[in-house]
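Notes follow the structure.
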Amino acid sequence: MTSTLYVPRDAGALSLGAGEVAHAIAREATARGLELQLIRNGSRGAYWLEPLVEVATARGRTAYGPVTVADVPGLFDADFLSGGAHPLSLGPTDAIPWLASQQRLTFARVGIVDPVSVADYVVHGGYQGLRRALALSPDAVVERILGSGLRGRGGAAFPTGIKWKTVLEQPAGQKYVTCNADEGDSGTFSDRMLMEGDPLSLIEGMTIAGLAVGATQGYIYLRAEYPHAHRALHQAIAAAYQARYLGADVMGSGKRFDLEVRLGAGAYICGEETSMLESLEGKRGEVRVRPPLPAIKGLFGRPTIVNNVITLASVPTILHRGAEHYAGYGMGKSRGTLPIQLAGNIKRGGLVERAFGLTLRELLYDYGGGSASGRPLRAVQVGGPLGAYIPASQFDTLVDYEALGSIGALLGHGGIVAFDDTVDMARMARYAMEFCAVESCGKCTPCRIGSTRAMEVIDLLIEGRETQGNVRKLEELCELMVQGSLCGLGGMAPFPVQSALRHFREDFGIRS
Amino acid sequence: METLSSSQGETVRRIAGDLKGRPGPLIEVLHAIQAELGYVPPAAVPLVASELNLSRAEVHGVVSFYHFFRSTPPGAHTVSVCRAESCQAVGGEALAAHVRQQLGVDFHETTPDGRFSLEPVYCLGNCACSPAVMIDGRLHGRVSPERFDALLSEVDRKR
Ligand SMILES: Cc1cc2nc3c(=O)[nH]c(=O)nc-3n(C[C@H](O)[C@H](O)[C@H](O)COP(=O)(O)O)c2cc1C
Ligand code: SF4
Ligand code: FES
Ligand code: FES
């Protein structure tokens, strides 16, 4: 009998040795004369258990982890192919509490399916959303997205349905669907995991978007730092063409949708949507002045949808299971679920998809297990390098766009980076400005020059020189950048600095 | 400015010819050139410009805007160390210092023997396994200074 085994091809799992483990398993099986079907799945997102090896048994999938090459012969000896007991045994994968308590809608298939098999995708509910969409009018599809309450997951949280409606209302002609897969925010990796673990859900979401607004061409703008995601997307797109889910006759509907991947080239600003469009056109990624909105004049001057990976990958489930089903999750104006990413100094880091409305504390301690170092957590940065630092005293804040906004923070792309009590917040503030200076597109002075000036002032504060005057100078520079910058890079880079100044005064030498 | 070797010129012309029919092709052309030659030689700029009907300033402007494109040949191996927040939270800066010392060069530099180029990177999407390092396109997580040394000698042996 052939046993079926799963060893992730996810970049994070590979970074911990999953590739070597897969080879060792194959070698050992051959040596023992056993037949194996080795599937390279995505990651379940529990990175502290990676490399996580799963075996299909009569009672469902059973997990072992974290597995090293040295563990492999012992696993065979323990008959893990039949789910045998072993010190690394984690029991049925679905019953691991960290996973069982999640609410996975967008990530429902990640870690479960073979990411580049259309057949496996379809067996697990794939292409049901597109099937539904093909039976509806474009207006009705857009209506469903509106009704789901879905807001953009790239950071700005703009209602996706309104964006689509605008593109739909533009006169017929060449229109585009573009996917922002630049994922530049540090502390975030949900786009990467999805593209490596279930790229077909993104492809399906983009196809639905194309049908809804009358666009026949899609582009995925992928950051160059993600070679593994690039390979997975390539394979999945080729498979979708082969099975006629892409191309001239999508699912026999007579409608066309073409899709290709374009690589970025290491510029954080190209995640900003107008800069991304410039870059897709092959130009310098300089931010465009708005209006016009991309929905009206976007790629090559044509009406264009720009949406984040997670936004688009959430579309199939909304069409398949209904807008009400999706909107039934969440709180207030934050509907649905959010794939949250736990990173930094945290014991159990990884991907947690839950309905909006958990507290930071639940995430950091119930899921995260506290710091990796064993020391007390002192701060978290939420929402990437432009997000505010939040002190431990505010860990009861809810993960919700409005709740975080009310304490002067932002949710962004849903990354949470934890720091223990050894962190020096003045250094983190300096880094925020250094990052802004390195990544500024150079179009406006407050961002380009202000960030460098702010860095110098923070250096003086770190040296303990003229604290009072320099704090005032820093506050003024921050204000100037917030008010005078054209885009969110210069306009938000002060947020981590201002929040650090507010909550961690002692690190700047301020006696209060 | 150094001139292109005839085979380099050949390569650049072939790539530009193959891709110039595509919408907004410049960045794709530069990616393809760097994939084959290891970098975008400054002398390739006028050639790319004339093949794609762009001005030299436009092509140069794009090459210089993007961190990923390099105008000097890379070392035999490229080491990229993540410098962003999640990695900093678990010793990323100490690791960066260690790497600089081991290689004897700073970021954006190549060792004099041409074996290693060292580049900073701002997040590799491996933040649940920080600190992260990429060596020749291979990603590594939870990299301690000791683990880095082991990885380095592994790559060096392969050369
Ligand atoms: C400096 C800056 C960087 C950004 N980086 C990203 C990014 O990497 N990925 C992303 O999806 N959105 C990013 N955004 C947000 C985009 O501009 C845009 O709002 C988003 O792609 C729209 O898609 P959504 O509505 O699905 O979120 C960035 C914005 C700014 C100002
Ligand atoms: S704020 Fe900075 S990144 Fe944004 S447009 Fe101005 S210079 Fe460019
Ligand atoms: S030149 Fe900026 S990353 Fe190397
Ligand atoms: S911050 Fe280093 S990998 Fe994301």
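The chains referred to below are lettered A, B, ... by the order of the sequence lines, with proteins before strands, and numbering in each begins at 1.
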**OP:** Determine, step by step, whether B:Phe148 and B:His140 satisfy the ring-ring contact (aromatic ring centres under 6.0 Å, His included) criterion, reporting the C-alpha distance in whole Å, the side-chain angles of both residues, the deciding distance to 0.1 Å, and the verdict.
**Re:** CA-CA 9 Å; B:Phe148 177 79; B:His140 304 280; 9.1 Å; no
Heavy-atom contact with chain B under 4.5 Å, split by part of [X]:
{"X": "A:Cys270", "result": "side chain"}
{"X": "A:Gln381", "result": "side chain"}
{"X": "A:Ala229", "result": "neither"}
{"X": "A:Ile269", "result": "side chain"}
{"X": "A:Ser279", "result": "both"}
{"X": "A:Tyr47", "result": "both"}
{"X": "A:Pro385", "result": "both"}
{"X": "A:Leu342", "result": "backbone"}
{"X": "A:Arg348", "result": "neither"}
{"X": "A:Asp185", "result": "backbone"}
{"X": "A:Met428", "result": "side chain"}
{"X": "A:Phe435", "result": "side chain"}

Heavy-atom pairs under 4.5 Å with chain B: which of [options] has the most?
{"options": "A:Gly45, A:Ala265, A:Gly266", "result": "A:Ala265"}
{"options": "A:Leu14, A:Thr422, A:Val423, A:Asn345", "result": "A:Asn345"}
{"options": "A:Gly12, A:Ser15, A:Gly349", "result": "A:Ser15"}
{"options": "A:Gly187, A:Ala372, A:Gly285, A:Ala11", "result": "A:Gly285"}

With respect to chain A, which residue among [options] yields the maximal number of heavy-atom pairs within a distance under 4.5 Å?
{"options": "B:Pro131, B:Pro25, B:Pro23, B:Cys87", "answer": "B:Pro23"}
{"options": "B:Ser86, B:Ser64, B:Cys129, B:Ala132", "answer": "B:Ser86"}
{"options": "B:Gly92, B:Gly125, B:Cys82", "answer": "B:Gly125"}

Inspect the contact between [Y] and [X] and indicate whether a charged nitrogen and a carboxylate oxygen are less than 4.0 angstrom apart.
{"X": "B:Arg22", "Y": "A:Glu260", "answer": "yes"}
{"X": "B:Glu51", "Y": "B:Lys20", "answer": "yes"}
{"X": "B:Glu93", "Y": "B:Arg83", "answer": "yes"}
{"X": "B:Glu28", "Y": "A:Arg262", "answer": "yes"}

Original post:
Any donor and acceptor pair, going by atom type alone, linking the side chain of A:Thr304 with main-chain N or O of A:Leu299 inside 3.5 Å?
Top reply: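 Checked: pair present.
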Original post:
Can you check whether A:Leu351's main-chain N or O pairs, donor with acceptor, with A:Glu353's side chain at less than 3.5 Å?
Top reply: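 Not a single qualifying donor-acceptor pair exists.
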Subject >> NZ or CZ of A:Arg223 within 45° of A:Tyr226 ring axis and under 6.0 Å >> reply: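 Verdict for A:Tyr226: a cation-pi partner in A:Arg223.
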Subject >> Region of B:Ser80 that comes under 4.5 Å of a non-hydrogen atom in chain A >> reply: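 Answer is neither: B:Ser80 stays 4.5 Å or more from chain A.
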Subject >> Contact origin within B:Glu85 toward chain A - heavy atom pairs under 4.5 Å >> reply: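 Contact with chain A is through both the backbone and side chain of B:Glu85.
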Original post:
Going by the angle between their ring planes, with limits at 30° and 60°, are A:His234 and A:His230 parallel, tilted or perpendicular?
Top reply: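 The rings of A:His234 and A:His230 sit tilted, inter-plane angle from 30° to 60°.
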Original post:
For the residue pair A:Tyr367 and A:Trp98, does the interplanar ring angle fall in the parallel (under 30°), tilted (30 to 60°) or perpendicular (over 60°) class?
Top reply: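 A:Tyr367 and A:Trp98: perpendicular rings.
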**OP:** Could you tell me whether the side chain of B:Asp136 reaches within less than 4.5 Å of the side chain of B:Thr78, counting heavy atoms only?
**Re:**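 They are in side-chain contact.
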Original post:
Just wondering, do B:Thr11 and B:Ile33 contact through their side chains at under 4.5 Å, heavy atoms?
Top reply: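 Result no, sub-4.5 Å side-chain heavy-atom pair not found.
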**OP:** Identify the two heavy atoms, one from A:Ala418 and one from A:Leu364, that lie closest to each other, and give their separation to 0.1 Å.
**Re:**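 Taking every non-hydrogen atom into account, CB-CD2, 4.2 Å.
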